[in-house]
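To start, I am sharing the structure in question, which I have written as structure tokens.
Owing to the predicted nature of the structure, the values given are computational and were not obtained by experimental measurement. Basis for what follows: all heavy atoms, side chains included, without hydrogens, waters or symmetry-related copies. One-based numbering along the sequence shown.
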Amino acid sequence: MGNPLVRFLSRHLPPNTTKTVCPPGPLSASASPLPLVVVASFPRTGTHVLIDLILNNFPAYRRDPLYVNLDEYLRAGLPMDDLLRVGGYVLKTHHPEATFSAEEQAAYERVFQAAILLMPARPAVDVARSYRRMLGGDRERDLPSALRAYETFWSPLQPEMFAFAELIDPSFTPAIIARLATILGKPPSARTIGPPSRSSYLRVCLRKLATRLLGNKLSVVNTTVGFAKTKTAPRLEPAPWQRHEQG
């Protein structure tokens with residue numbers, strides 16, 4: 001990332017602006033007949049790539065702000081009934097990565113029972129590599145126990161799985177969008193929009209900046225957080241609990 005603007009944006013561009021995510025932005029005042037969609041993920045597995053594929057290809061799910069960070073929503077003590085009433089949002093969660101109270105756990109369960117559950121899946125070895133690159137290995141030693149807790153919680157809920165290697169590969173985008181259309185019960189937009197190109201950091205950074213400033217006023221959004229270039233991951237076998245029927 002030799003470009004000075006790219007370096008500046010990667011250090012100082014916050015992902016949580018009022019136009020992009022609730023909180024800090026308030027929920028939309030208008031209710032939607034669509035169900036909530038939960039993108040549940042372990043960090044560094046393609047969370048925002050999947051979120052953006054939904055937001056960019058299914059206009060019915062583009063709200064103001066664009067999506068809800070469910071973990072931050074609950075930690076802020078915001079009303080769960082309001083979220084369930086308004087519907088039609090894409091929700092991001094890393095649950096159960098962080099500690100949470102019994103009251104918060106009950107709130108999570110209410111949402112998960114009412115929502116469509118989606119999950120990006122990435123091989124553990126690649127997650128560890130991403131942690132090393134991002135955090136210098138500080139959290140890598142905790143990964144095995146964290147992944148076990150994650151597996152224990154999510155396996156019985158059987159979310160729809162999406163392989164990270166396919167999410168970031170544009171050649172798989174049409175098939176992913178077709179599958180999402182079936183899961184969501186909504187037709188996609190006529191123009192298929194894939195993952196952001198990694199050939200131009202400057203273009204990606206400028207789209208991230210525009211997304212944080214303008215939110216759903218953009219024709220194409222990019223809510224992704226990190227800026228590091230990621231090589232396309234090999235298509236490895238998923239863990240046993242991830243081998244649900246995918247089609």
Side chains of Leu36 and Ile116 in contact at under 4.5 Å (non-hydrogen atoms):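 No; the side chains remain at least 4.5 Å from each other.
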Contact check, side chains of Asn216 and Val221, non-hydrogen atoms, under 4.5 Å: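 No, their side chains stay 4.5 Å or more apart.
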Leu167 versus Gly46, closest heavy-atom pair with distance: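 Smallest interatomic distance, heavy atoms only, reads CD1-O, 4.2 Å.
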Side chain to side chain contact (heavy atoms under 4.5 Å, CB included) evaluation trace for Val21 with Thr223: CA-CA 9 Å; Val21 60; Thr223 68; over 6 Å; no
Main-chain N/O of Ala165 paired with Asp169 side-chain donor or acceptor, under 3.5 Å: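 Here the side-chain-to-backbone pair does not exist.
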Gly25 backbone acceptor or donor facing Thr18 side chain under 3.5 Å: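 Checked: no pair found.
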Salt bridge (Lys or Arg N to Asp or Glu O under 4.0 Å) contacts touching residues 99-111 (sequence neighbours left out):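 Found Asp81-Arg110.
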Over all atoms of both residues, closest heavy-atom pair of Val204 and Ser197: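 Residues Val204 and Ser197, closest heavy atoms: CG2-O, 3.1 Å.
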Qualifying ring pair (Phe, Tyr, Trp, His ring centres under 6.0 Å) pairs, either residue in residues 69-103, two or more places apart: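 Of all non-adjacent pairs touching residues 69-103, those that pass ring pair (Phe, Tyr, Trp, His ring centres under 6.0 Å) are His95-Phe100, His95-Tyr108, His95-Phe153.
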Polar contact flag, side-chain donor to acceptor under 3.5 angstrom, Ser28-Asp64: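 Not at all, the side chains of Ser28 and Asp64 share no donor-acceptor pair under 3.5 Å.
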Separation between CZ of Arg207 and CG of Leu218, rounded to the nearest 0.5 Å: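 Taking CZ in Arg207 and CG in Leu218, the distance rounds to 8.0 Å.
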Separation between OH of Tyr61 and CD1 of Ile54, rounded to the nearest 0.5 Å: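 The CD1 atom of Ile54 is 8.5 Å from OH of Tyr61, to the nearest 0.5 Å.
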Which atom of Leu74 lies closest to which atom of Ala107, heavy atoms considered: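 Scanning both residues completely, I find the closest heavy atoms to be CD2-CB, 3.7 Å.
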Geometric cation-pi criterion, Arg179 with Phe162: 6.0 Å, 45°: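 Pair Arg179/Phe162 counts as cation-pi.
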Check: Trp154 ring centroid to Phe42 ring centroid under 6.0 Å: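 Between Phe42 and Trp154, which both carry aromatic rings, the centre distance is not below 6.0 Å.
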Value rounded to 0.5 Å, distance of CG in Asp52 from CG in Asn57: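 The distance works out to 10.0 Å.
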Backbone of Leu70 reached by a side-chain donor or acceptor of Thr93 within 3.5 Å: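 Flag not set: sc Thr93 to bb Leu70 has no pair under 3.5 Å.
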Point-to-point distance, once rounded to the nearest 0.5 Å, from CG of Leu143 to OH of Tyr150: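 With rounding to 0.5 Å, CG (Leu143) is 13.0 Å from OH (Tyr150).
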Closest approach of Lys186 to Leu34 (non-hydrogen atoms, all atoms of both residues):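 Closest pair (atom of Lys186, atom of Leu34, distance): CD-CD2, 3.6 Å.
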Lys19 vs Leu66 side-chain heavy atoms within contact, under 4.5 Å: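 SC-SC contact between Lys19 and Leu66 ruled out.
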Pairwise side-chain contact, Cys22 with Asn69, heavy-atom cut-off 4.5 Å (strictly under):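 No, their side chains stay 4.5 Å or more apart.
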Arg85 side-chain N/O to Met80 backbone N/O, donor-acceptor pair under 3.5 Å: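 No, Arg85 side chain to Met80 backbone: no donor-acceptor pair under 3.5 Å.
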Validation row: Phe58, Pro188 side chains within 4.5 angstrom (heavy atoms):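 Yes, side chains in contact.
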Straight-line distance of Ile51 CD1 to Leu118 CG, nearest 0.5 Å: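 If we round to the nearest 0.5 Å, Ile51:CD1 and Leu118:CG are 10.0 Å apart.
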Minimum-distance pair of heavy atoms, taken over all atoms of Leu91 and Leu83: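 For Leu91 and Leu83, the tightest heavy-atom pair comes out as CD2-CD1, 4.0 Å.
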Over all atoms of both residues, closest heavy-atom pair of Thr20 and Pro65: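 Where Thr20 meets Pro65 most closely, the heavy atoms are C-CB, 3.6 Å.
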Side chain to side chain contact (heavy atoms under 4.5 Å, CB included) evaluation trace for Val68 with Lys92: CA-CA 6 Å; Val68 173; Lys92 165 189 171 180; over 6 Å; no
Rounded distance (nearest 0.5 Å) linking atom CD1 of Ile177 with atom CG of Leu184: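 Ile177 atom CD1 to Leu184 atom CG measures 9.5 Å (nearest 0.5 Å).
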Close side-chain approach of Arg63 and Val86, heavy atoms under 4.5 Å: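 Counting from C-beta outward, Arg63 and Val86 do come under 4.5 Å.
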Check: Asn56 side chain, Ile193 main-chain N or O, donor-acceptor pair, under 3.5 Å: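 A pair under 3.5 Å: no.
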Backbone of Arg122 reached by a side-chain donor or acceptor of Asp126 within 3.5 Å: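 Pair absent, no side-chain N/O of Asp126 close to backbone of Arg122.
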ILVMFWY cluster, Val220 and Leu180 together (side-chain gap under 4.5 Å):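 No, Val220 does not connect to Leu180 through the hydrophobic network.
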Side-chain heavy-atom pair Glu160, Leu117 within 4.5 angstrom cut-off: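 When only atoms from C-beta onward are counted, Leu117 and Glu160 do not touch, as no gap falls below 4.5 Å.
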Arg148/Glu151 ion pair, N-O < 4.0 Å: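 Judged by the 4.0 Å cut-off on N to carboxylate O distance, Arg148 and Glu151 do not form a salt bridge.
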Transitive ILVMFWY side-chain link Met161 to Val127, under 4.5 Å: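 Yes: a chain of side-chain contacts under 4.5 Å links Met161 to Val127.
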